[in-house]
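Contents: one structure, followed by commentary.
These numbers come from the heavy atoms of this one structure, side chains and all, not from hydrogens, waters or symmetry mates. Throughout, a chain's letter reflects where its sequence line sits, starting with A, and its residues are numbered from 1.
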Protein chains: 2
Amino acid sequence: MTIPEIVGWSAAFFNAVTFVPQVYKTWKTKSAGDVSIQMFIIAIINASLWSIYGIMVHDSIVYMVNTIVFFLSAIQIILKVKYDRADKKKVMSC
Amino acid sequence: MTIPEIVGWSAAFFNAVTFVPQVYKTWKTKSAGDVSIQMFIIAIINASLWSIYGIMVHDSIVYMVNTIVFFLSAIQIILKVKYDRADKKKVMSC
């Protein structure tokens, strides 16, 4: 394995797991008011385009990494919509 | 320009701007309690590795896109640390 390959693989790994802490935090705290839904919508578009690109140029790494990013973004959007709705329903006691 | 090139360029564009809505939202609301700092730390590592990879394989697009992602992640971390500290200082009036 060459040095660029090692760097590329490491980058691909961190790329795939980037959204894991945010999804975990949102799931744990059940709150995502400060999280931008637009960011994750762009991330889904981004991951879809990279996945299509990966298929087109026969790059399975690009395809696999971005499929993971796509699903993490989708989970984050679902959690945000769910918890934002729940927050709205809460009666403010202050 | 081939179709894979068009898809790749579009992906690169969306990749570069992914964090813009989050940075804007945090700056606008002055609140980032729900945002995971770990996500942006991973994003900085990720962007650094892709930038190094871009330099190594002489891919200026990979390098440029990830330099933008690096700086946006750094700005987001600075804003989060700043506003989280400000939140802690606030006296809870409820």
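Heavy-atom contacts from other residues, nucleotides or ligands closer than 6.0 Å to CZ of A:Phe19 number more than 12.
Atom CH2 of B:Trp9 is separated from atom CG of B:Asn15 by 12.5 Å, given to the nearest 0.5 angstrom. Between B:Thr26 atom OG1 and B:Asp34 atom CG the span is 10.0 Å, to the nearest 0.5 Å. Taking OG1 of A:Thr18 as the reference point, atom CD1 of B:Ile45 lies at 9.0 Å (rounded to 0.5 Å). In this structure, OG on A:Ser36 lies 8.0 Å from CZ on A:Phe40, to the nearest 0.5 angstrom. With rounding to the nearest 0.5 angstrom, the OH atom of A:Tyr53 is 11.5 Å from the NE2 atom of A:His58.
Both the backbone and the side chain of A:Ala43 come within less than 4.5 Å of a heavy atom in chain B. At a 4.5 Å heavy-atom cutoff, the contact between A:Val17 and chain B is made by backbone and side-chain atoms alike. Both the backbone and the side chain of B:Val35 have a heavy atom closer than 4.5 Å to some heavy atom of chain A.
Between B:Tyr24 and B:Trp27, the ring planes are tilted. Angles from 30° to 60° get that label.
For the residue pair A:Trp50 and A:Val62, the shortest heavy atom distance occurs at O-CG1, 3.3 Å.
With chain A as partner, the option from B:Leu49, B:Asn46, B:Ile42 having the largest number of non-hydrogen pairs under 4.5 angstrom is B:Asn46. Contact count versus chain A (heavy atoms, under 4.5 Å) is highest, among B:Met56, B:Gln22, B:Lys25, for B:Gln22.
Residue-level contacts of residues 66-86 of chain B with chain A, in order of numbering, are B:Lys80; threshold 4.5 Å between heavy atoms.
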